[in-house]
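Remember, predicted model here, so these are calculated numbers, not experimental data. Residue numbers run from 1 in the order of the sequence given.
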Amino acid sequence: MTHIEDAAGFHSWFAGRSAAHRYRITPTPLHDLDGWYTDSATGDVRHRSGRFFSIEGLRFEPAAPDAPAWTQPIIRQPETGILGVLLKRFDGVPHLLMQARMEPGNITTLQLSPTVQATFSNYTRVHRGAAVRYIDHFLTPGAADRVHYDALQSEQGSWFLGKRNRNIVVETTADVPVHEDFCWVPRPVMAELLRVDNLVNMDSRTVLAGLPDEVTGDGSGEAPLPGRASEQPLHDTATLLHWFTGAKMRHRSERTTIPLRRVGGWHRDDRRGEIAHEAGRYFRIIGVDVEADSREVPSWSQPMLAPAGRGVIAFVSKEIRGERHLLVQARAEAGTFDVAGIGPSVQCNPGNLAESARRPPYLDAVLAARPEQVLFDTVHSEEGGRFYHAENRYLVVDGTDIPLDVPEDYTWMTVRQLTRAGRIGNLVDVEARTLLACVRALPGHGASR
């Protein structure tokens, strides 16, 4: 059994897995991708099997009368994948079965992934490759398995059209044979690993945000989530639901899929074989050929979305009435599954802001935070299966000086309230969930404060 005792042991194991495999990612023009084609009528990029995903066009018209409409390329992947973490207790300490997994878009190639990270096409073996390990614990849990958390959760609304994955945590008492690319990581060690740049991948972080309450009191600096008699959040549940429902009514918008060739402001560079914005902002659609001897199939080709620059994802944190609160926003994006989601205080890529654009609230306060205000600051990658070298700077900043009165699309929630909301499907967006996983691992800043 591969069983990690501490962070040093983990890094030794992880380095060994990196050295054990051979990977190669080669940029390739879209028109040369094996198995993919450009539809002559629409310009959409599709797989010849009709499965996996496609690159299409989208027109988005915000509800606000003074907000301009726009068009953009977007990834359409109607199928729902599984992101699952298997949990087991050794000597009373919760351990998580994680894998060292290569994705073509990862900056560091190998990152720490959930037990299962598989699209529907993957685990139904459309690619005719190897079976997904441990999938049965999540599709058909046995008598030794207990499901702690199971929800359909949204993915990046700026880049995916209505994309959701099933996030699930299963605790087992069964004897689980551990493949050499997997290891049991103690929950306290996982809290340390979340502070390492580009190590714990996005799919792991979104599932970790939904870990069961009883797992959090394990020495990682957290305490169980059940409410205390002394708990005095600024807003009760009814008030928060009223706020969010009102925001969703304000942000009702119109979106329409359109042929990719009709997307304005974007061009297809036939020489470079990619699709890019005319101002060089936002992202490009590129192609890659992939070789990976540790994956279900050893080689494949695919399009990828490559963002322009690094984004900023941040929570402003403030103690109110003796409880730690986070400033959240109701955020609507072009591809959001259900109008809007609860997002972090700041969620943007500053490099995409036009010179004349109004800067998002709280962005400058976060970027100008003094060192003693910064409670968490780590660069994490986004999903490396679809996004190429996509990373964001994730921050938690003490906002003692931030007023309680905030704009109508913002509100304060306790860590406990946001954690509970995050366990409900399609309510908290993926950026807020992945940062919440980091917040819950902060000593003295978890759900008990």
Side-chain angles (χ1 to χ4, degrees), residues 2 4 6-28 83 85 96-118 122 155-156 159 179-183 185 189-209 283-284 286-313 349 376-395 430-431 433-435 437-438 441:
T2 304
I4 301 302
D6 53 27
F10 168 83
H11 289 295
S12 176
W13 168 81
F14 195 73
R17 299 328 302 154
S18 180
H21 294 294
R22 175 179 171 272
Y23 308 112
R24 179 181 297 172
I25 298 92
T26 307
T28 303
L83 306 178
V85 168
L96 311 170
L97 185 61
M98 309 297 289
Q99 64 169 308
R101 181 180 174 90
M102 172 272 183
E103 293 288 357
N106 289 347
I107 290 176
T108 53
T109 307
L110 206 67
Q111 293 192 0
L112 194 61
S113 300
T115 316
V116 167
Q117 177 182 321
N122 286 154
E155 300 276 314
Q156 286 85 351
W159 300 335
H179 182 271
E180 60 188 357
D181 287 332
F182 292 71
C183 71
V185 180
V189 173
M190 181 60 68
E192 295 182 54
L193 301 182
L194 284 166
R195 288 182 170 273
V196 180
D197 287 355
N198 290 314
L199 176 59
V200 181
N201 82 355
M202 185 213 79
D203 298 299
S204 294
R205 300 191 310 269
T206 179
V207 181
L208 292 175
F283 57 82
R284 296 173 296 135
I286 66 171
V288 294
D289 289 332
V290 185
E291 297 176 51
D293 63 6
S294 65
R295 291 291 301 271
E296 294 85 1
V297 293
S299 64
W300 71 92
S301 301
Q302 68 172 90
M304 301 202 79
L305 186 152
R310 180 184 292 174
V312 176
I313 310 294
N349 183 335
F376 182 88
D377 187 358
T378 301
V379 174
H380 281 306
S381 297
E382 302 310 311
E383 207 280 307
R386 297 292 175 266
F387 311 136
Y388 185 80
H389 290 188
E391 60 179 8
N392 285 302
R393 183 184 177 193
Y394 281 83
L395 297 118
V430 67
E431 290 85 359
R433 294 196 313 273
T434 60
L435 184 52
C438 302

### Query
Which pair of heavy atoms, one from Ile25 and one from Tyr388, lies closest together, and at what distance?
CG2-CE1, 4.3 Å
### Task
For the residue pair His21 and Tyr23, categorise the inter-ring angle as parallel (less than 30°), tilted (30 to 60°) or perpendicular (more than 60°).
tilted
### Donor-acceptor contact below 3.5 Å, side chain Arg295 vs main chain Met102
yes
### Message
Measuring from atom NE2 of His380 to atom OG1 of Thr434, what distance do you get when rounded to the nearest 0.5 angstrom?
### Response
7.5 Å
#### Entry: Matching residue for Tyr394 among Asp197, Leu194, Leu435, Asp377 - test: side chain to side chain contact (heavy atoms under 4.5 Å, CB included)
Leu435
### Task
Verify, without hydrogens or angle tests, whether Asn201 (side chain) and Gly384 (backbone) share a donor-acceptor contact under 3.5 angstrom.
no
### Where Pro114 and Val85 come nearest, the two heavy atoms and their spacing
CB-CG2, 3.9 Å
### Steps toward side-chain contact (heavy atoms from CB on, under 4.5 Å) verdict (Met190, Met98)
CA-CA 10 Å; Met190 181 60 68; Met98 309 297 289; 3.7 Å; yes
## Note on the structure
Residues Glu192 and Ala7: closest non-hydrogen pair is OE1-CB, 3.6 Å
### Query
Would you say Leu199 and Thr108 make side-chain contact, with heavy atoms under 4.5 Å?
no
#### Entry: Interatomic spacing from CZ in Phe14 to CG in Leu112 - rounded to 0.5 Å
6.0 Å
#### Entry: Residue pair Leu305 / Pro307: nearest heavy atoms and the distance that separates them
O-CD, 3.5 Å
### Message
When you measure from the side chain of Arg17 to the backbone of Glu180, do you find a donor-acceptor pair of N or O atoms at a distance under 3.5 Å?
### Response
yes
### Message
Which label fits His179 and Phe182: parallel for a plane angle under 30°, tilted from 30 to 60°, or perpendicular past 60°?
### Response
perpendicular
### Query
How long is the span from the CD atom in Glu383 to the OG atom in Ser113, to the nearest 0.5 Å?
9.0 Å
### Query
Side chains of Ser301 and Asp289: closer than 4.5 Å at any heavy-atom pair?
yes
### Query
Thr378 and Arg195: side-chain donor and acceptor closer than 3.5 Å?
no
### Message
On a heavy-atom basis, which atom in Gln302 and which in Gly385 lie closest, and how many Å separate them?
### Response
NE2-O, 2.8 Å
### Task
Check the pair Arg205 / Glu431 against salt bridge (charged side-chain N to carboxylate O under 4.0 Å, His left out), numbers first and verdict last.
CA-CA 10 Å; Arg205 300 191 310 269; Glu431 290 85 359; over 6 Å; no
### Task
To the nearest 0.5 Å, tell me how far Arg24 CZ sits from Thr109 OG1.
12.5 Å
### Message
To the nearest 0.5 Å, what is the distance between CE on Met202 and CD on Gln117?
### Response
8.0 Å
### Task
Measure the CD1-CG distance between Ile313 and Asn392 for me, rounded to the nearest 0.5 Å.
4.0 Å
### Message
Strictly distance-based, threshold 3.5 Å: is any side-chain N or O of Glu103 a donor or acceptor partner for the main-chain N or O of Gln111?
### Response
no
### Task
Could you walk me through whether Ser381 and Asn106 pass the side-chain hydrogen bond (donor to acceptor under 3.5 Å, both in side chains) test, one step at a time?
CA-CA 7 Å; Ser381 297; Asn106 289 347; 5.4 Å; no
### Query
Between Asp203 and Leu83, is there a donor-acceptor pair closer than 3.5 Å when you use the side chain of the first and the backbone of the second?
no
## Note on the structure
Between Ile286 and Ala306 the two heavy atoms that sit nearest each other are CD1-CB, 4.2 Å
